[in-house]
Amino acid sequence: MSHTILLVQPGRKPETRTYSDYETVNECMEGVCKIYEEHLKRMNPNSPSITYDISQLFDFIDQLADLSCLVYQKSTNTYAPYNKDWIKEKIYVLLRKQASN
């Protein structure tokens, strides 16, 4: 259970920056997936259901101006920063685990 802050900047302008916080890294990764799903819903408003594969999700992550996480480290009482590649790896592990259940 590591408190995680997700920092998102979808566009070039700093005003597009937002953040969300989560109780765990996995909840944060699910939050990234939800952001993509909301994006897909906006892009396809008349589609009753939306499906995507992980490569499309990763392309979406790559096209964001910035996406990073700050994960609480209990041992040092600080937050450690992680980049897009780390986020994609964590999402991959999470989705693989969900698919096997």
Side-chain angles (χ1 to χ4, degrees):
M1 294 273 290
S2 293
H3 183 252
T4 304
I5 301 169
L6 177 67
L7 306 170
V8 184
Q9 182 177 340
R12 296 172 85 110
K13 297 182 179 181
E15 306 87 71
T16 65
R17 291 179 182 154
T18 59
Y19 76 93
S20 308
D21 68 313
Y22 301 88
E23 291 301 314
T24 67
V25 170
N26 278 353
E27 283 180 21
C28 181
M29 298 308 113
E30 289 171 1
V32 173
C33 294
K34 289 256 188 303
I35 291 169
Y36 181 54
E37 290 162 8
E38 292 301 319
H39 167 77
L40 289 176
K41 287 177 188 174
R42 283 192 305 276
M43 302 305 288
N44 305 285
N46 299 323
S47 186
S49 66
I50 293 172
T51 59
Y52 61 91
D53 66 38
I54 199 163
S55 66
Q56 293 167 307
L57 171 60
F58 287 178
D59 288 345
F60 172 77
I61 290 171
D62 288 337
Q63 63 89 30
L64 294 172
D66 191 24
L67 181 72
S68 54
C69 283
L70 298 171
V71 181
Y72 182 69
Q73 309 295 308
K74 190 174 186 174
S75 60
T76 57
N77 205 30
T78 60
Y79 283 85
Y82 294 96
N83 63 15
K84 287 180 182 181
D85 288 336
W86 183 88
I87 292 169
K88 290 192 289 188
E89 174 65 26
K90 291 294 179 185
I91 288 173
Y92 176 77
V93 170
L94 177 69
L95 294 178
R96 196 175 68 199
K97 189 185 297 182
Q98 288 177 348
S100 68
N101 287 345

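Any value given below was found using the heavy atoms of this structure, including those in side chains, with hydrogens, waters and symmetry copies removed.
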Roughly how far, to the nearest 0.5 Å, is the OH atom of Tyr72 from the CG atom of Asn77?
-> 3.5 Å
Decide side-chain contact (heavy atoms from CB on, under 4.5 Å) for Asp66 and Leu7; before the verdict, give the C-alpha distance in whole Å, the side-chain angles of both, and the deciding distance to 0.1 Å.
-> CA-CA 8 Å; Asp66 191 24; Leu7 306 170; 5.6 Å; no
Pick one: which of Ile35, Thr51, Ile50 meets side chain to side chain contact (heavy atoms under 4.5 Å, CB included) with Leu40?
-> Ile50
Are Leu94 and Tyr92 connected in the hydrophobic side-chain network, where two residues link if heavy atoms are under 4.5 Å apart?
-> yes
Donor-acceptor contact below 3.5 Å, side chain Gln73 vs main chain Val71 | yes
Inter-residue atom distance Tyr82.OH - Leu70.CG, 0.5 Å rounding = 10.0 Å
Pick one: which of Asn83, Asp62, Val32 meets side chain to side chain contact (heavy atoms under 4.5 Å, CB included) with Lys88?
-> Asp62
Does any donor atom in the side chain of Asp53 or Ser55 lie under 3.5 Å from an acceptor atom in the other side chain?
-> yes
Report yes or no: do Ile5 and Val8 belong to one cluster of Ile/Leu/Val/Met/Phe/Trp/Tyr joined by side chain heavy-atom distances under 4.5 Å?
-> no
Cluster link Val25 to Ile54, ILVMFWY, side chain under 4.5 Å | yes
So which heavy atom on Pro45 is nearest to which on Arg42, and how close?
-> CD-O, 3.6 Å
Are any of the side-chain heavy atoms of Ile87 and Met29 separated by less than 4.5 Å?
-> yes
Does any non-hydrogen side-chain atom of Leu6 lie less than 4.5 Å from one of Thr18?
-> no
Measuring from Leu67:CG to Asp85:CG, what's the distance to the nearest 0.5 Å?
-> 10.5 Å
Parallel, tilted or perpendicular: which describes the rings of Tyr36 and Phe60, with under 30° parallel and over 60° perpendicular?
-> tilted
Would a distance-only check, ignoring hydrogens and angles, find a side-chain to backbone donor-acceptor pair under 3.5 Å from Thr4 to Ser2?
-> yes
CD/Glu37 to NE2/His39 distance, rounded to the nearest 0.5 angstrom?
-> 12.0 Å
If you measure from CG on Leu95 to CD on Glu30, what distance do you get to the nearest 0.5 Å?
-> 8.5 Å
Give the intermediate values and the outcome of side-chain contact (heavy atoms from CB on, under 4.5 Å) for residues His3 and Tyr79.
-> CA-CA 9 Å; His3 183 252; Tyr79 283 85; 2.7 Å; yes
Which value, rounded to the nearest 0.5 Å, describes the distance between Lys34 atom NZ and Lys41 atom NZ?
-> 8.0 Å
Would you mind reporting whether Tyr52 and Cys33 have side-chain heavy atoms less than 4.5 Å apart?
-> yes
Taking Lys90 for the side chain and Cys28 for the main chain, is one N or O donor matched with an acceptor at less than 3.5 Å?
-> no
